[in-house]
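Structure first, commentary second.
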Amino acid sequence: WEMRVADLSDGQRIVHLIDQTGHDAAERMRVDFVANASHELRTPLASILGFIETLSDEAGEDADIRARFLKVMFDEARRMQRLVEDLISLSRIEAEKYRLPAQPVAMDDLVQDVWEELLDSGSTRARDIGCDIADELPPVAGDQVQLSQMLHNLIGNAMKYGRADTPVRVSLDRDGAMLRLVVADRGEGIAAGHIPRLTERFYRVDAGRSRTIGGTGLGLAIVKHIVERHRGRLDIASEVGVGTTVTVRLPIKGASKVISEGAVTK
Ligand code: ADP
């Protein structure tokens, strides 16, 4: 609560009590976000600077050491690059929050493309993998670049957090006026207490593990914002030792218009 006091000329006093709960929470989130982002960037930057310093000494004359340090510096710089790219994506998506995306996007082709891209890039360690796309699906109203990013993040997570010998399954079908995407892995799973917080920026169940496999901690926050912008739904179900299933529902192009017109004529 914020208290504002105004003294009136007749000696009376007016006290305003203003509810600051929403404002404070938003402000705290913003401060936390800047602090987290700075911290995430500072760590690889400090490491790169340290290696440059060492390479400037005699150590830099040894070809083996030089090659090894350059590799570490490259990896750290890549990590910073991924983080900056995710930060830019997040702020773009947020800036467009109120603009409903309206291009027709063929999700069946997009899922197929992203799936093949991820397989080709070798980022899959899962042995038994499959992608099951229903026939003749209608397009959704969307933003193709953002939907592609959503698919990369979700399928990428299933491949990253799945154990080497466990299956990853992707499916796309129709569920009434929505398309339903399901990405399921049989990986380590996530304890119930963590699930509601997964879409927070920089929230990780195991920060060390996320960093070693190249995660930025922003992947699911980006997914959540993309799904919200598309007026869709995101559900995450998981069990430790069993696996994780992420379901996204996106409105079919034109379907919401028909529903709202129907509502008006009733
Ligand atoms: P990251 O870049 O760390 O992968 P995300 O926002 O994509 O960030 O995910 C947040 C955290 O949720 C991850 O650090 C990981 O701990 C957990 N997580 C996400 N997807 C899965 C999954 N399929 N299986 C197990 N844990 C997952």
Side-chain angles (χ1 to χ4, degrees), residues 26 29-30 33 37 81-121 123 131-160 168 170-184 198-203 214-236 244-261:
M29 261 178 68
R30 200 186 59 79
F33 175 58
Q81 189 183 41
R82 271 197 302 271
L83 187 61
V84 170
E85 276 165 4
D86 276 358
L87 288 170
I88 292 172
S89 297
L90 206 50
S91 68
R92 275 209 192 117
I93 299 160
E94 269 197 311
E96 293 176 331
K97 185 153 81 175
Y98 299 110
R99 214 163 351 116
L100 209 58
Q103 296 162 14
V105 179
M107 280 300 282
D108 40 8
D109 293 343
L110 201 59
V111 169
Q112 189 66 38
D113 289 350
V114 172
W115 177 251
E116 279 167 16
E117 219 176 288
L118 283 169
L119 289 189
D120 288 346
S121 72
S123 51
C131 184
D132 184 12
I133 299 172
D135 292 332
E136 300 192 18
L137 291 173
V140 299
D143 176 315
Q144 173 138 350
V145 175
Q146 290 182 1
L147 291 173
S148 165
Q149 185 169 18
M150 176 194 85
L151 293 168
H152 269 104
N153 291 357
L154 289 178
I155 303 173
N157 273 354
M159 290 176 173
K160 284 190 316 196
V168 170
V170 175
S171 71
L172 182 72
D173 65 0
R174 187 175 179 154
D175 179 22
M178 315 276 257
L179 286 195
R180 173 176 48 203
L181 169 83
V182 180
V183 180
L198 294 178
T199 55
E200 287 174 23
R201 294 154 185 196
F202 297 116
Y203 189 83
T216 61
L218 293 174
L220 288 176
I222 290 175
V223 167
K224 177 184 153 206
H225 280 87
I226 293 175
V227 173
E228 276 175 1
R229 185 172 173 233
H230 285 79
R231 307 293 185 268
R233 264 195 67 175
L234 170 69
D235 295 293
I236 303 176
T244 303
T245 300
V246 181
T247 306
V248 173
R249 288 182 176 79
L250 296 171
I252 288 167
K253 188 166 169 58
S256 63
K257 214 171 110 216
V258 172
I259 290 168
S260 58
E261 276 167 6

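When a residue number appears, it is its place in the shown sequence, counting from 1.
In this structure the side chain of V140 never reaches within 4.5 angstrom of the side chain of P251, judged on heavy atoms. W115 has its side chain out of reach of L110: every pair of non-hydrogen atoms, C-beta onward, lies at least 4.5 Å apart. Using a 4.5 Å heavy-atom cutoff, the side chains of V223 and T199 are not in contact. Side-chain contact check for D235 versus R249: some heavy-atom pair is nearer than 4.5 Å. In this structure, V111 and L151 have side chains that are in contact, with non-hydrogen atoms separated by less than 4.5 Å. Put simply, the side chain of R99 reaches to within 4.5 Å of the side chain of R229, judged on heavy atoms. Side-chain contact check for I236 versus L198: some heavy-atom pair is nearer than 4.5 Å.
More than 12 heavy atoms of other residues, nucleotides or ligands shown are found within 6.0 angstrom of CZ on R82.
Looking at E117 and H152, their side chains do bring a donor and an acceptor atom within 3.5 Å of each other. Donor-acceptor pairing under 3.5 Å is recorded for the side chains of D86 and T216.
Rounded to the nearest 0.5 angstrom, D143 CG and Q149 CD are separated by 9.5 Å. Taking CG from L234 and NZ from K224, the interatomic distance works out to 9.0 Å, rounded to the nearest 0.5 Å. Residue F33 holds its CZ atom at 5.5 Å from CG of L90, rounded to the nearest 0.5 Å. Note that CG of L100 and NE2 of H230 are 8.5 Å apart. Values are rounded to the nearest 0.5 Å. We find the NZ-CG distance between K160 and N153 to be 7.5 Å, quoted to the nearest 0.5 Å. Note that CG of D113 is 11.0 Å distant from CG of L118, once rounded to the nearest 0.5 Å.
The nearest pair of heavy atoms linking K97 to R231 is O-NH1, 4.2 Å. Minimum heavy-atom separation, I252 to G176: CD1-O, 3.8 Å. Contact between P139 and A106 at its shortest, heavy atoms only, is CB-N, 4.4 Å.
For the side-chain contact (heavy atoms from CB on, under 4.5 Å) test with V105, the passing option among L250, L147, L179 is L147; the others fail. Checking R92, E96, H225 one by one against Q146, the side chain to side chain donor-acceptor pair (under 3.5 Å) holds for a single residue, E96. Of the listed residues (D175, L154, V182), just one forms a side-chain contact (heavy atoms from CB on, under 4.5 Å) with T247, and that residue is V182. Applying side-chain contact (heavy atoms from CB on, under 4.5 Å) to L181 and the options I155, I133, L172 leaves one that passes, L172.
Within the 3.5 Å criterion, the main-chain N or O of L137 finds no donor-acceptor partner in the side chain of R174.
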>> Is there a salt bridge (Lys or Arg N to Asp or Glu O under 4.0 Å) between E94 and R201? Walk through the geometry before answering.
In response: CA-CA 13 Å; E94 269 197 311; R201 294 154 185 196; 3.0 Å; yes
